[in-house]
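One-based numbering along the sequence shown.
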Amino acid sequence: MRTTSQILVVGGGSAGWIMAAYLNAALNGSGRREADISLVESARIGRVGVGEATVPTIRHVLQTVGVDERTFLKAADATFKQAIRFDGWLKGGAERYHHPFDRRASGPVDRSALDWLESDRARDFSEIVSPQPVLAEMGLAPKALGSPDFSSPLPYAYHMDAEAFADHLADVATTAGVTRYIDDVVDIEQREDGDITAVNTKGGLRLEADLFVDCTGFAAILIGKTLGVELEDYSSWLMCDRAVTLRVPYDAHWPGRIRPFTTATARSAGWSWDIALQSRRGVGYVYSSQFISDDDAEAELRAFEGPHTGSLEARRLKFYVGQRKQHWANNVIACGLSSGFIEPLESTGLYLIEYAAVTLAEHFPRRADAMPIMAKRFNAILNQRYEEILDFVNLHYCLTQRSDTAFWREAQNPARVTDRLNAKLDFWRAKLPSGSDFDDHLRLFSHQSYEHILFGMGFESV
């Protein structure tokens, strides 16, 4: 008879509670109970709340864990998201383009891209193949009032307060049976083979488990500090390593409406985001410390936002770009920032957390001898996702024609482009992107997503 596994998630926030809630729903639903799931989080450790924008896969997670959409929207201060609008990325002027979630084919043989390339290009490519850029600019939602939860003729995601979202998920998960401990982990016990057997807390708890999930952020106290799994550095291709953020309440500045899209605006040494929630805007500047100081970056963000930010507190963040060389080592799985980080240009921070949770549920070791096999496959899949997202984010930089600052001139350096992306770009100069250009069927970004960026940035094909 199969025994119930013990899973301990170490660390809370979005990473910890997505993982705990999803595993509990996936493994313990429909009358089954495959795992006892617990989570221990510190009351003292601040959260890195930069992942406020999502992609449509988040709806699967919310449905799976049993979240009511209306309740979620209220609890997480959430709004709808239909696209990302990129301002000033091509030449640094007033040009802009959209990356919507929707893409319509023109027929059995889709000639949309070829027809657009051969036209006068008076309208943006994304507006030719999708209704979402226009709908989003009009401030319209992707669904009508009264529509069923998570249902719409258009794909959509959300903007949310990541901290409020984590708190809401904690309530949902603990109600569904996840055990929660609020305490500080101070010591970690290991066997001779490296497996972790238990964590000890400041309050005197000894928490044992068969499987540990490291959601301790950049500290990575299990996967990094204890097991010593190193990081694979992506800074050769993505130069940004800092961010400064502001929370702008609407009583300080009301822009006139809530935009159902994320805005990503190119700056002198990186780019800034603008995300509209129900009660405030989340804005931030992602930049490279090689090209601008922290003080100057904050000043640039405040100058762009206007005088209403003068009294608002700024938060500064340092980050690495890269991934763990192993996301699952021994009996520890990394999730969230402990697993890796790629700047949030395409809103993939929360996606990678979701993806790790879904993939772990699918590769859950139901026998002790299955763990090495599941770990090997899990690592291969997560590695593919990080590399895919690296290439897609890299694409936004390497196609720029900006030469107004040293940062943008360096972004065009051929050495800053991954070999995988370079090969695709060479190919796409001779043919239009298509699904057959990719071997990985699990990828997040299809050839249609690449089309939006390529043609939005003025790429010439065929």
Side-chain angles (χ1 to χ4, degrees), residues 4-29 33-45 47-48 51 61 64-65 162-163 165-189 195-201 203 205-227 229 324 327-340 349-350 352-365 371 374-375 378 382:
T4 303
S5 297
Q6 305 291 321
I7 301 175
L8 179 65
V9 180
V10 180
S14 298
W17 286 111
I18 287 175
M19 180 63 79
Y22 191 89
L23 288 180
N24 188 57
L27 300 178
N28 296 331
R33 186 157 193 87
E34 298 194 65
D36 288 331
I37 300 170
S38 302
L39 182 147
V40 57
E41 61 181 333
S42 173
R44 300 182 302 108
I45 297 175
R47 301 167 179 169
V48 180
V61 172
T64 301
V65 303
E163 295 179 9
F165 173 55
D167 291 339
H168 181 57
L169 270 189
D171 291 340
V172 172
T174 52
T175 300
V178 174
T179 302
R180 182 185 197 181
Y181 302 99
I182 300 178
D183 209 338
D184 298 318
V185 172
V186 294
D187 181 60
I188 297 166
E189 298 179 21
D195 277 7
I196 292 176
T197 54
V199 301
N200 297 293
T201 71
L205 297 174
R206 183 178 184 274
L207 303 175
E208 298 181 356
D210 303 302
L211 201 61
F212 293 82
V213 183
D214 187 342
C215 296
T216 61
F218 288 127
I221 65 173
L222 302 183
I223 197 79
K225 291 182 179 177
T226 302
L227 296 185
V229 178
R324 292 285 162 190
H327 301 273
W328 184 338
N330 290 81
N331 63 338
V332 174
I333 294 147
C335 177
L337 298 176
S338 64
S339 176
L350 288 178
L352 284 167
I353 296 168
E354 303 165 36
Y355 194 81
V358 173
T359 305
L360 176 54
E362 292 176 350
H363 295 79
F364 182 69
M371 191 174 294
M374 296 299 103
F378 182 93
L382 266 291

> If you take all heavy atoms of A357 and Y22, which pair is closest and at what distance?
Replying inline: O-CD2, 3.8 Å
>> I need the S338 OG to H327 NE2 distance, nearest 0.5 Å.
In response: 10.0 Å
>> Distance check, rounded to the nearest 0.5 Å: E354 atom CD versus T64 atom OG1?
In response: 10.0 Å
>> Return the CD1 to OG1 distance between I7 and T179, rounded to the nearest 0.5 Å.
In response: 12.0 Å
>> Going by salt bridge (Lys or Arg N to Asp or Glu O under 4.0 Å), name the residues that satisfy it together with E208, two or more places apart in sequence or in a different chain.
In response: R206
>> List the residues meeting side-chain hydrogen bond (donor to acceptor under 3.5 Å, both in side chains) with T201, not counting sequence neighbours, and say none if there are none.
In response: D183
>> Do F212 and I188 have side chains that approach each other closer than 4.5 Å (heavy atoms only, starting at C-beta)?
In response: no
> Of the non-hydrogen atoms in M371 and D210, which two are nearest, and what is the gap between them?
Replying inline: CE-O, 4.1 Å
> Does A176 offer a backbone N or O that forms a donor-acceptor pair with the side chain of N24 under 3.5 Å?
Replying inline: yes
> Which atom names give the shortest non-hydrogen contact between P365 and L211, and what distance separates them?
Replying inline: CD-CD2, 4.5 Å
> Can I196 and L8 be said to form a side chain to side chain contact (heavy atoms under 4.5 Å, CB included), step by step?
Replying inline: CA-CA 11 Å; I196 292 176; L8 179 65; over 6 Å; no
Side chains of residues 215-226: which donor-acceptor pairs under 3.5 Å do they make with residues two or more places apart or in other chains?
| unit_1 | atom_1 | unit_2 | atom_2 | d |
| --- | --- | --- | --- | --- |
| T216 | OG1 | D214 | OD1 | 2.5 |
| T216 | OG1 | A220 | N | 3.2 |
| T216 | OG1 | I221 | N | 3.0 |
| T226 | OG1 | I221 | O | 2.6 |

>> Return the CD to OG1 distance between E34 and T4, rounded to the nearest 0.5 Å.
In response: 8.5 Å
> Among all residues two or more places apart in sequence or in another chain, which pass the side-chain hydrogen bond (donor to acceptor under 3.5 Å, both in side chains) test with Y181?
Replying inline: none
>> Using a 3.5 Å distance criterion without hydrogens, assess whether the side chain of T359 forms a donor-acceptor pair with backbone atoms of A356.
In response: no
> Of the options D167, V9, T174, which is the one that meets W17 in a side chain to side chain contact (heavy atoms under 4.5 Å, CB included)?
Replying inline: T174
> Got a sec, which residues hit salt bridge (Lys or Arg N to Asp or Glu O under 4.0 Å) with R33, two or more places apart in sequence or on another chain?
Replying inline: D36
> What is the minimum heavy-atom distance between A43 and I182, and which atoms define it?
Replying inline: CB-CG2, 3.7 Å
>> Testing the basics here: between A21 and L169, what is the closest heavy-atom pair and its distance to 0.1 Å?
In response: CB-CD2, 4.3 Å
> Heavy atoms, side chains only, cut-off 4.5 Å: are V178 and R180 in contact?
Replying inline: no
> Is there side-chain contact between F165 and I18, with heavy atoms separated by less than 4.5 Å?
Replying inline: yes
>> Test of understanding: with salt bridge (Lys or Arg N to Asp or Glu O under 4.0 Å), list the residues that count as partners of D195, not counting sequence neighbours.
In response: R191
>> Could you measure the distance from the CG atom of L23 to the OG atom of S5? Nearest 0.5 Å is fine.
In response: 11.0 Å
> What are the two closest non-hydrogen atoms of M19 and L360, and how far apart are they?
Replying inline: SD-CD2, 3.9 Å
